[in-house]
Protein chains: 2
Amino acid sequence: MDAVYDPRREGGGRPPLEPQVTPTLSGKERRDTYHHGNLREELIAAGMRLAQVGGPEAVVLREVNRAAGVSHSAAYRHFPDRDSLLWAVCERAMSELARRMEKRMAELPPRRDRKRHAWEALEATGQAYIEFALAEPGWFRTAFGVPLELRPIAPGEGSGDSGLDPFQLLAGCLDELVATGALPSERRRGAEIGPWAAVHGLATLLVDGPLRGTGPKELALQVRTVLGMVMHGL
Amino acid sequence: MDAVYDPRREGGGRPPLEPQVTPTLSGKERRDTYHHGNLREELIAAGMRLAQVGGPEAVVLREVNRAAGVSHSAAYRHFPDRDSLLWAVCERAMSELARRMEKRMAELPPRRDRKRHAWEALEATGQAYIEFALAEPGWFRTAFGVPLELRPIAPGEGSGDSGLDPFQLLAGCLDELVATGALPSERRRGAEIGPWAAVHGLATLLVDGPLRGTGPKELALQVRTVLGMVMHGL
DNA sequence: TCCGGTCTGTGGACGCTGTCTACGACCCGA
DNA sequence: TCGGGTCGTAGACAGCGTCCACAGACCGGA
């Protein structure tokens with residue numbers, strides 16, 4: 001009643017293609033025990049490797065099994081279907097984004113001026129977000145571009161080492177801006193959406209939108225322009 | 001060398017599923033001539049119908065052929081492969097977006113105050129953009145979420161009735177702002193990116209990002225917040 | 001120590017996909 | 001009238017996600 005024709009397609013046969021990456025033994029070396037021991041984890045790791053290169057659509061169940069060195073349907077002992085595995089990979093990619101944002105903030109120079117530091121932190125999160133999208137387009141597309149439909153968004157998932165997800169990291173920056181008096185507290189509620197939309201939009205347009213292929217010079221200008229608009233218009 | 005494993009997958013078999021939409025005779029009624037007469041156009045139209053419901057991944061070549069009432073590979077006489085058909089659909093979806101933006105601008109009340117009108121026009125384009133994404137998520141995802149990789153971006157494609165694409169419509173608004181003195185001309189260069197990123201980002205997050213399912217009240221606030229940030233931070 | 005149950009991995013099916021190819025119907029100009 | 005080019009047909013093929021019957025491996029109780 002919902003999906004009339006199956007909204008899943010693509011794939012199917014293709015002409016020869018070069019031989020698959022390491023058609024035999026992969027993941028680790030060929031295991032000698034019948035039971036793998038840590039297959040679930042290995043499947044997600046293999047999915048991450050595939051997603052890094054080709055985005056979510058590269059997470060082909062049979063290819064993931066192949067990369068883990070197991071039979072083509074072994075993953076069904078750990079995930080009910082392909083989407084479930086993809087969600088796990090997607091969450092992992094989101095965590096990686098959070099981790100890069102945290103790293104970038106941690107690298108900020110210390111400042112006596114707390115207000116200035118708060119602004120720099122906000123800018124750093126935005127820069128890290130866009131850098132992640134450009135450096136790891138496959139993961140970025142996986143983190144956000146998953147069919148999801150009914151993806152369960154469990155709390156605490158997609159978080160970095162601090163336990164905060166990208167959205168919460170942004171919220172923390174805004175809270176700090178309020179705490180330092182840089183942002184009037186009456187403008188705080190719902191203020192995440194502006195910076196998030198702007199940065200996410202730029203990243204999306206750059207990664208697989210009409211702006212892909214932008215040269216480094218033009219790109220730097222675009223990032224500066226967007227972040228300037230955000231900080232000016234907050 | 002580029003795509004190691006074919007970055008095209010998904011699909012494959014699925015359990016029964018309900019019978020396809022009108023397995024026999026579809027598109028128009030079953031034709032009686034051997035030659036279709038206008039197959040290329042009909043294929044694109046069928047692709048648009050499928051994309052409207054299920055996004056780009058719903059544009060299944062065999063299903064498109066089926067909907068047009070021809071054999072499963074008839075489309076190969078008009079498109080070299082599935083992607084080419086998808087690009088045509090994608091361009092059509094982009095045109096539809098441009099058309100809705102134009103419509104929204106045309107509906108603006110006339111103003112003696114040209115500057116005010118220019119601001120309202122900018123706001124209207126942004127609102128139309130987001131409304132389109134929410135009203136036609138399938139088309140929106142098709143317009144922007146296509147593999148593209150090497151999609152040829154021909155000039156003049158994806159345009160509305162005025163012959164301008166969404167980006168050019170936005171540029172026009174900014175030009176008018178400069179002409180009326182609302183925006184200093186030295187800030188004009190590259191100014192499209194800010195509004196575009198913010199609006200596109202919000203639309204993306206709402207359509208298939210973490211913000212999907214936002215209620216109408218919260219949504220209205222988000223749209224207002226983002227557009228406010230754009231106009232304030234320009 | 002053996003024995004049965006439960007995980008977990010195997011391998012073969014199925015129907016779906018995109019694509020290729022040989023073929024056949026039609027249209028049109030010579 | 002005929003012959004070539006255009007356009008649709010039909011059957012193949014490999015790869016996909018998924019299901020199923022089966023088998024190896026582990027574990028607790030007798």
Side-chain angles (χ1 to χ4, degrees), chain A residues 3-21 23 27 30-43 47 50 54 56-86 147, chain B residues 3-21 23 27 30-43 47 50 54 56-86 147:
Chain A
V4 178
Y5 35 82
D6 194 6
R8 224 74 152 294
R9 90 276 351 59
E10 311 236 359
R14 281 299 163 88
L17 285 187
E18 46 216 282
Q20 298 290 1
V21 242
R30 183 177 277 313
R31 74 185 192 285
D32 45 355
T33 59
Y34 183 86
H35 282 97
H36 185 285
N38 195 22
L39 184 52
R40 186 192 158 85
E41 202 51 35
E42 176 116 354
L43 289 169
L50 293 170
E57 60 272 13
V59 183
V60 176
L61 209 40
R62 292 174 103 109
E63 181 72 16
V64 172
N65 283 309
R66 221 172 282 142
V70 292
S71 75
H72 69 264
S73 58
Y76 281 92
R77 294 293 160 209
H78 300 273
F79 300 92
D81 55 18
R82 173 181 178 269
D83 279 354
S84 300
L85 169 61
L86 190 50
Chain B
V4 178
Y5 36 82
D6 196 4
R8 223 73 151 296
R9 92 278 356 21
E10 312 237 357
R14 280 301 162 86
L17 284 187
E18 46 216 281
Q20 299 290 2
V21 241
R30 182 176 280 313
R31 73 185 195 283
D32 47 354
T33 59
Y34 182 88
H35 282 99
H36 185 285
N38 195 22
L39 185 52
R40 185 190 158 87
E41 202 50 37
E42 177 116 352
L43 290 169
L50 293 169
E57 60 272 14
V59 183
V60 176
L61 209 40
R62 292 174 102 109
E63 182 70 18
V64 172
N65 282 308
R66 222 170 282 143
V70 292
S71 75
H72 69 265
S73 57
Y76 282 92
R77 294 290 160 211
H78 299 273
F79 301 93
D81 54 20
R82 173 181 178 269
D83 279 354
S84 300
L85 169 60
L86 190 50

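Quick note on labels: first sequence line is chain A, next is B, and so on, each numbered from 1.
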Nearest-angstrom distance from the residue atom CG of A:Leu50 to P of D:dC16: 11 Å
Would you tell me if any nitrogen or oxygen in the side chain of B:Arg66 comes within less than 4.0 Å of OP1 or OP2 on C:dT17? yes
Give the rounded distance in Å between these two atoms: CG of A:Leu61 and C1' of C:dT17. 16 Å
Residue pair A:Leu43 / A:Ala68: nearest heavy atoms and the distance that separates them: CD2-CB, 4.0 Å
Looking at A:Arg62, I'd like to know whether one of its side-chain N or O atoms comes within less than 4.0 Å of OP1 or OP2 on D:dG15. no
Rounded to the nearest Å, what distance is computed from the CG atom of residue B:Asp83 to the C1' atom of nucleotide C:dG18? 10 Å
Side chain to side chain contact (heavy atoms under 4.5 Å, CB included) between A:Glu63 and A:Leu50, intermediate numbers included: CA-CA 9 Å; A:Glu63 181 72 16; A:Leu50 293 170; 3.7 Å; yes
How close or far is atom P of C:dT17 from atom CD of B:Glu63, stated in whole angstroms? 7 Å
Please state how far atom CZ in A:Arg82 lies from atom P in C:dT17, giving the value in whole angstrom units. 16 Å
When rounded to whole Å, the CG to P distance for the pair B:Leu86 and C:dT17 reads 16 Å
Please report the distance, rounded to the nearest Å, between CG in B:Asn65 and C1' in C:dT19. 12 Å
Atom pairs under 3.5 Å: protein N/O with N/O of nucleotides 4-8 of chain C:
from	atom 1	to	atom 2	distance (Å)
C:dT8	O4'	A:His35	NE2	3.4

Per side-chain contact (heavy atoms from CB on, under 4.5 Å), A:Asn65 is matched among A:Val60, A:Leu85, A:Leu39, A:Val70 by A:Val70
Measure the spacing between OG of A:Ser71 and CZ of A:Arg62 and express it to the nearest 0.5 Å. 9.5 Å
Under the 3.5 Å rule, do the base of D:dG17 and the side chain of A:Ser73 count as making a donor-acceptor pair? no
With sequence neighbours excluded, residues passing side-chain contact (heavy atoms from CB on, under 4.5 Å) with B:Ser84: B:Phe79, B:Pro80, B:Asp81, B:Trp87
Can a donor-acceptor pair be found, under 3.5 Å and without considering hydrogens, that links the side chain of A:Arg82 to the backbone of A:Val59? yes
Which comes earlier along DNA chain D counting from the 5' end, the contact point of B:His72 or that of B:Asn38, where each point is its nearest nucleotide? B:Asn38
Rounding to a whole Å, what distance do you find between A:Leu85:CG and D:dC16:C1'? 15 Å
